[in-house]
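Have a look at the structure below before the remarks.
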Amino acid sequence: MPDLLIVTIDGPAGVGKSTMAKQLARELGIPYLDTGAMFRAIAWKLGNGSWDWDEARLQTSLDTFDFALSGMGDTSVLSVNGTPIGDEIRTEQVAMWASNVATLPVVRTFLKTAQQALGAKFSLVAEGRDMGTVVFPDAPYKFFLDASVEERASRRFLQLGDLGKPADLKELKAQIAKRDDQDRNRPVAPLKAAADAITVDTTTMTRAQVFAALKKGVRGQPV
Ligand code: DC
């Protein structure tokens, strides 16, 4: 079997990981894996507050999720039990539920196994919070994207506006800050840069500049 390539992109909410991961995956001609969508899909299905906190029963629920990946680049499709994951998971409320379920070791272990299984099958640009630290620690190319919370809230605000979903900027900033805080401070697989990751502070960069930096990184050039 030919060697598989894994590129990891980690970083906080709203920093632009998905946009960059899709673009880089297209450039490299490999699939892109949105691991946040896996946490969101589980949170959405289980609902908030009604999780079965009993580990054995939660495990039984988790075992009903069969994730599969098809396609490449920005047209990669992540499915659960044969159905592509849709836009129903793309709300700040589901994101917060996902951050909540992501604190549970049983959920993290389950998804780590599923993510590593996909990485054993396909070359990937894998984006999330713990791709470079925990799930693919041996990946040859690791990036950590960062930006101020103000900048990330403002990017999300503009993105939602473009989608015809006006939002409150102050509220968005508070939601993002709350989620970051939980993601950074959980005991298991917290959000942080891998020691060997290239960190890119994108606060004052354009998308084109960030993408150019990632392309340099995967070519082994200084970023
Ligand atoms: O990337 P996202 O916003 O779709 O992720 C939603 C939540 O899922 C995030 O706040 C924390 C959790 N998550 C995680 O803990 N580990 C990952 N690798 C990806 C997401």
Side-chain angles (χ1 to χ4, degrees), residues 6-22 24-25 32-48 51 58 62 65 67 69 76-78 80 84-119 124-137 139 142-147 149 151-153 155-157 159-160 163 165 167 172-194 197 202:
I6 305 284
V7 179
T8 64
I9 303 182
D10 290 305
V15 76
K17 298 183 299 292
S18 294
T19 308
M20 286 303 135
K22 281 181 195 171
L24 191 60
Y32 124 86
L33 178 64
D34 174 357
T35 61
M38 299 170 99
F39 285 92
R40 286 174 186 248
I42 288 176
W44 185 78
K45 191 80 179 280
L46 299 185
N48 197 37
W51 299 322
L58 183 52
L62 291 172
F65 287 81
F67 289 96
L69 190 60
S76 304
V77 178
L78 183 63
V80 181
I85 297 174
D87 282 343
E88 64 279 1
I89 62 164
R90 303 279 164 207
T91 66
E92 260 313 306
Q93 187 183 49
V94 174
M96 195 63 220
W97 296 354
S99 176
N100 294 342
V101 292
T103 63
L104 302 175
V106 63
V107 173
R108 298 214 73 86
T109 303
F110 174 77
L111 283 183
K112 180 178 161 188
T113 304
Q115 290 153 3
Q116 288 177 336
L118 292 171
L124 293 177
V125 177
E127 62 109 334
R129 303 293 187 287
D130 60 341
M131 295 297 101
T133 49
V134 174
V135 178
F136 299 114
K142 299 181 185 178
F143 298 96
F144 189 86
L145 300 185
D146 212 347
V149 67
E151 175 61 21
R152 288 183 284 125
R155 287 178 193 169
R156 187 53 63 86
F157 177 78
Q159 195 183 37
L160 288 170
L163 293 172
K165 295 181 186 167
L172 269 179
K173 188 180 153 198
Q175 287 167 332
I176 287 179
K178 186 173 172 203
R179 196 144 65 88
D180 278 357
D181 186 57
Q182 177 158 273
D183 293 345
R184 287 187 208 275
N185 294 307
R186 63 177 174 235
V188 190
L191 165 67
K192 65 172 180 194
T202 71

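Order of appearance sets the numbers: ligands from 1, and atoms from 1 within every ligand. Because the structure is predicted, anything quoted here is derived from the model rather than measured.
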Top protein contact for [atom], by heavy-atom distance:
{"atom": "atom 18 (N) of ligand 1", "result": "Asp130 OD1, 2.9 Å"}
{"atom": "atom 13 (N) of ligand 1", "result": "Phe39 CD1, 3.6 Å"}
{"atom": "atom 10 (O) of ligand 1", "result": "Asp183 OD2, 2.6 Å"}
{"atom": "atom 19 (C) of ligand 1", "result": "Thr35 OG1, 3.5 Å"}

| field | Polar contact flag, side-chain donor to acceptor under 3.5 angstrom, Arg156-Gln159 | value |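 Judged by distance alone, the side chains do pair up.
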Would you mind running through ligand 1 and noting each atom that sits below 4.0 Å from a heavy atom of [X]?
{"X": "Met131", "result": "18 (N)"}
{"X": "Arg179", "result": "3 (O), 5 (O), 6 (C), 7 (C), 9 (C), 10 (O)"}
{"X": "Ala102", "result": "12 (C), 15 (O)"}

| query | Is there any N or O on Arg90 that sits under 3.5 Å from an N or O of ligand 1? | reply |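 No; the residue has no nitrogen or oxygen that sits under 3.5 Å from a nitrogen or oxygen of the ligand.
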| said: Between the side chains of Asp180 and Arg152, is the shortest nitrogen-to-carboxylate-oxygen separation below 4.0 Å, so that they form an ion pair? | reply: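 Result for this pair is yes, salt bridge flagged.
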Any side-chain heavy atom of [X] within less than 4.5 Å of one from [Y]?
{"X": "Met96", "Y": "Lys178", "answer": "yes"}
{"X": "Ser18", "Y": "Tyr32", "answer": "yes"}
{"X": "Val77", "Y": "Leu69", "answer": "no"}

| request: For the residue pair Phe110 and Phe67, categorise the inter-ring angle as parallel (less than 30°), tilted (30 to 60°) or perpendicular (more than 60°). | output: tilted
| task | Would you tell me which option among Arg186, Lys17, Arg129 has the nearest heavy-atom contact to atom 1 (O) of ligand 1? | result | Arg129
| Nearest heavy atom to atom 4 (O) of ligand 1: which of Arg108, Lys112, Arg40, Met38 does it belong to? | Arg40
| request: Check whether any heavy atom of Gln182 sits under 4.0 Å from an atom of ligand 1. | output: no
| Whether Asp183 side chain and Leu191 backbone form a donor-acceptor pair below 3.5 Å | no
| Set of residues satisfying side chain to side chain donor-acceptor pair (under 3.5 Å) with respect to Lys142, sequence neighbours excluded | Asp196
